[in-house]
Amino acid sequence: MNRYLIKGGKVIDPASGRSKTEDLLIEGSLIVERFSENRGVKTIEAGGLIVTPGLIDLHVHLREPGREDAETVISGTRAAAAGGFTTVCCMPNTDPAIDSVSVVEQINDQSKQSLIDVKVIAAITKKREGKALTEMGELVDAGVVAFSDDGAPVADSQLMRSAMEYAKTFNRPIVDHAEDLLLAAGGIMNEGYYSTILGLKGIPAAAEEVIVARDTLLAKLTGAKIHIAHISTAGSVDIIKRAKEDGLSVTCETTPHHLALTDESLCDYNTDYKVNPPLRSMGDIDRLFEGLKEGTIDAIATDHAPHARHEKEAEIEVAPFGMIGLETAVPVLINTAKKYGLKLEDLIPKLTVGPARVIGLEAGTLEVGSNADVTIIDAKAKVKVDSSIFESKSRNTPFEGKDLTGSIKHVFKGGKQIVIDGSVI
Amino acid sequence: MPLRSKDLLSIEDLTLENIDLILETASSFEEVFDREIKKVPTLRGRTIINLFLEPSTRTRTSFEIAGKRLSADVVNVSGQGSAVAKGESLKDTAQTIEAMSVDAVVIRHWSSGSAKYLAELIKPPVINAGDGWHEHPTQALLDLYTIKKEIGKLTGKRVAIVGDIAHSRVARSLIAALNKTKAKVTLVGPATLIPMDIDKLGVDISYSLDDVLEDVDIVYLLRLQKERQSENLLPSLREYSRLFGLSKARWQRLKNGVRIMHPGPMNRGIEIDSFVADNEKALIREQVTSGVAVRMAILYLLMGGAQVE
């Protein structure tokens, strides 16, 4: 039986409120209080390191099936492990879309061969066309944790109402891609001063906010659980704060890149900064950080969106939206949070217990008896982002070459060490 | 190289000294136009590609004539019928061009930022002949040249740019150029065609042409693309013309010495009345003539040609 003594690290477990320097013991697949016997105990020196529950990412694109050249379940989960994640939720905008049990089973099969857990988010509507509901009951039986047409909103308000009510039957949340397609049509970046001087069509903050407002109203009407994905604007935070004060079952996430980068980054027309929702303004970032502090924002998710190199090597109006994020999330967050007087410890809840609660997952904690999903982080290590060594099949990161602080040292999944000294096994 | 940068991508990149150098050089080239043989051997043996991925007649022709008057070999490549139409990426087009050892590329592209992207891909100089809604720097330079020649110094002059600012690369380059030369700019148009936060560039905004008419020294009219109506940014061309068109009645209210400019092609009867377009206050033909001289200057300065004779 595996026995690991993780020695002298700063153990942070927001679920139990623990935050102190102590040892953490893993035996077999579980976290234990003491070993049943002391044979074969491997010691991991964690002095000066941060020991957290394995990180959970509610929002990744694994591109399987359909675009295995850009990412696969296997490569994407290796990238996740390298970034400290032990559970990821994959989005259904694949080809074919994840709208049937057979596609879910295909991913589940791949997931079994992966180092970490993949939870499937299935489509709300067949082919993600926004016309007819998927067979949610059957999909839930196949293990689906939530429903989303991510990449596209459900434009039809009546259909969205039905989706919320029907998903409520199975106690599963609707993960909402909040974008008014007509307001956003043809847009490339945030609408504002920079879109004006760059001559690029803008996507107004209101394109996100009108759907956030609509869907919180529908959540009130239906009593359903909704989770707003990748919020990017101050206005979205305000609307969700109000919805939470009204007692609605509304949760939300933002992303490391929306916390770290503004629309000014587009000034070189670098397609690696083209992302949807777009990078917004400094004022939006200020409000997102407030939202994290006050608890309006429940989770930080990467929206890891791999694209083949040749697709991003194009005119900015041609290149697809999206950036990868699994392997840079922790250092990017450490660096950007510093400016707001926050430490990594303060954000750990948004990467562990926060996302776990959104989808009702029994993970994201280091309590005795729970699964030994553990991530050990050196929050002081200096790193230079080098996408050539990424586990992801894609390289579309806006952080290439950046000097950041923070690296993932070790990761355990169900008691098995899957990242050893920064390298995925 | 007299200009510090490899390429000419935007007015934003140029210093006032760069602009003066281009305009002075253009002036010396314009003298060539009165000769019987309108050609200098400056760029003999050099090859220029006119890569026009969006339809254009006047800018392409102007660059072609400019190149030929400098004795360069000019090759026109358009979007239609080229490898681009077959789905070749700009990167591959760029590498193909570079492999043929051309000496400069003039690019017109429908996507903002494409000239910069091409410039990063290849070694020879790239000249932006209009990228999306972003910039059209040679247009702004020929406008400055025309104004300096016909009116004199720009400092303190009041310029109204009228029309579809939001979708205009001409406006963006012109605003940058006028700001650098310390002219006073007022943008005029309906709110649907004035982009967000453009006042941060230090320009005034007016939703009424009538309000600014009597204070300006130059009225610069932009071409109104007819699709703005189908996009519901305008109710009708008729109403646009009524509110923002330079009619004869409005023209009569202008101060003495006010000049009218337009980058062409004009929509007569929409942004400009025919009487106004053909009247002596209009500098529209002079702009076209200046275009060749200014583009000769730019090609010469970027391609490091021999001395002007």
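Proteins come first, then strands; the chains are lettered A, B, ... in the order of their sequence lines, and each starts at number 1.
With salt bridges taken as basic N to acidic carboxylate O contacts below 4.0 Å, one links A:D272 and A:R309.
The parts of A:D268 that come within reach of chain B are both its backbone and its side chain, each placing non-hydrogen atoms under 4.5 angstrom from that chain. Residue B:H167 does not touch chain A at all, counting heavy-atom pairs closer than 4.5 Å. Heavy-atom distances place both the backbone and the side chain of A:I197 under 4.5 Å from chain B.
For the residue pair A:H307 and A:N396, the shortest heavy atom distance occurs at N-OD1, 3.1 Å.
Here A:H59 and A:H304 keep their ring centres 6.0 angstrom or further from each other. Residues A:Y269 and B:H134 bring their aromatic ring centres within 6.0 Å.
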